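Presented below is the structure to which this report refers.
Please read all numbers here as calculations on a predicted model, not as lab measurements.
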Amino acid sequence: MTKLKRNFRFKDIIIEHVLINLKEYTLVTILFIIGILIGVIFINNISSNQMNEINTYINSFLDVVKNGTPINSLELLKNSIIQNVILAIILWFVGSTLIGLPIVYGIVAFRGFCLGYTISVVISILGSTKGMIFVSTAMLLQNIIFIPCILALAVSGTKLYKAIVKDKRKENIKLEIIKHTMFSLLICIVLIISSFVEVYISTNIFYACLRFI
């Protein structure tokens, strides 16, 4: 019963946080979606040579995996964690500066672009059915965690920016920076969890569904 109450309390905290910052979350979500749409459109405008190179890369990767070539999970995990931590640090840092807000928004839109581009490429090369199997098994789970984390970091940076602009008192600014830092550390931990999900859960699901691709 105590555990259930804690789960409800945690859920309520998240819902309350989103509702309080609904405008900010709406803005960064729109930017992310715009990035996805640009990524989808971009794939339709690349040259045939570039498409052939991408085709060769994806099919070579699938051939290697289907031939049973082992993947170094520890190396993959290390790279994923490093990338996620670096991204969290960049968003924390630029979100802590007055000139960093456009960069935060740019990073959010760029991550959306990368996601839209990757999904479009995979579906274009493998077809809709195999492409969706690839995307849903190899990319879905970790992105369910990753995307809200990036949006939350962007919102935290936005809140800090507004606090600095509105309130010039050093004590209050320091407090907001501490809040932003603690929140960023929490999100960074969740991003590390997404790396474990990517390497040890999504990869195994991908292998299990590989015969359908």
Side-chain angles (χ1 to χ4, degrees), residues 24-67 69 71-72 75-88 90-91 94 101-155 157 187 191 194-195 197-199 201-213:
E24 289 79 9
Y25 272 104
T26 301
L27 175 59
V28 295
T29 301
I30 290 172
L31 288 172
F32 188 80
I33 293 172
I34 289 173
I36 291 176
L37 294 176
I38 293 174
V40 171
I41 294 170
F42 186 82
I43 191 63
N44 295 321
N45 294 288
I46 65 174
S47 66
S48 57
N49 289 334
Q50 289 175 313
M51 181 59 78
N52 288 334
E53 290 176 4
I54 296 170
N55 191 347
T56 301
Y57 174 80
I58 291 178
N59 284 299
S60 297
F61 167 76
L62 289 175
D63 289 339
V64 168
V65 175
K66 287 178 179 179
N67 287 334
T69 303
I71 293 178
N72 190 332
E75 186 68 21
L76 191 64
L77 178 64
K78 183 181 77 173
N79 292 334
S80 179
I81 289 175
I82 289 173
Q83 289 174 6
N84 285 344
V85 169
I86 288 175
L87 179 61
I90 291 173
L91 282 169
V94 297
L101 195 58
I103 300 175
V104 170
Y105 290 159
I107 291 173
V108 170
F110 178 72
R111 295 304 305 191
F113 170 85
C114 291
L115 181 63
Y117 180 80
T118 302
I119 292 173
S120 297
V121 163
V122 171
I123 292 176
S124 296
I125 300 300
L126 300 179
S128 57
T129 302
K130 292 183 178 180
M132 287 306 299
I133 293 173
F134 186 106
V135 169
S136 59
T137 55
M139 298 172 58
L140 180 62
L141 287 181
Q142 63 267 28
N143 275 294
I144 289 175
I145 303 172
F146 179 84
I147 293 171
C149 285
I150 297 305
L151 299 182
L153 281 173
V155 169
I187 295 298
L191 283 171
S194 78
S195 295
V197 171
E198 177 184 3
V199 174
I201 298 179
S202 293
T203 300
N204 288 328
I205 295 174
F206 175 71
Y207 271 112
C209 298
L210 193 59
R211 64 181 180 273
F212 300 113
I213 300 176

I need the [X] [atom1] to [Y] [atom2] distance, nearest 0.5 Å.
X	Y	atom1	atom2	result
Ile133	Ile123	CD1	CD1	11.0 Å
Ile144	Cys149	CD1	SG	12.0 Å
Leu140	Phe206	CG	CZ	14.0 Å
Asn67	Leu62	CG	CG	10.5 Å
Leu31	Thr26	CG	OG1	11.0 Å
Ile43	Gln50	CD1	CD	8.5 Å

Quiz prompt | Positive for side chain to side chain contact (heavy atoms under 4.5 Å, CB included) with Ile119, one of Val121, Leu115, Val122 | solution = Leu115

Quick one, [X] and [Y] - any side-chain contact, counting heavy atoms below 4.5 Å?
X	Y	result
Ile54	Ile46	yes
Val108	Leu151	yes
Phe146	Arg111	yes
Tyr207	Val65	yes

Practice problem: Evaluate side-chain contact (heavy atoms from CB on, under 4.5 Å) for Leu191 paired with Leu87, printing each intermediate quantity in order. | Solution: CA-CA 10 Å; Leu191 283 171; Leu87 179 61; 5.7 Å; no

Looking at every heavy atom in both [X] and [Y], which two are closest together, and how far apart are they?
X	Y	answer
Ala138	Ser202	O-CB, 4.0 Å
Cys209	Thr137	SG-CG2, 3.7 Å
Leu126	Gly131	CB-N, 3.9 Å
Lys130	Ile213	CD-C, 3.7 Å
Val40	Gly116	CG2-O, 4.0 Å

Practice problem: Take atom NZ of Lys78 as the centre, draw a 6.0 Å sphere, and report whether it contains more than 12 heavy atoms from other residues, nucleotides or ligands. | Solution: no

Quiz item: Within a radius of less than 6.0 Å around CZ of Phe110, do more than 12 heavy atoms belonging to other residues, nucleotides or ligands occur?
Solution: no

Got a donor-acceptor contact below 3.5 angstrom from the [X] side chain to the [Y] backbone?
X	Y	value
Ser80	Leu77	no
Ser194	Asn143	no
Thr56	Asn52	yes

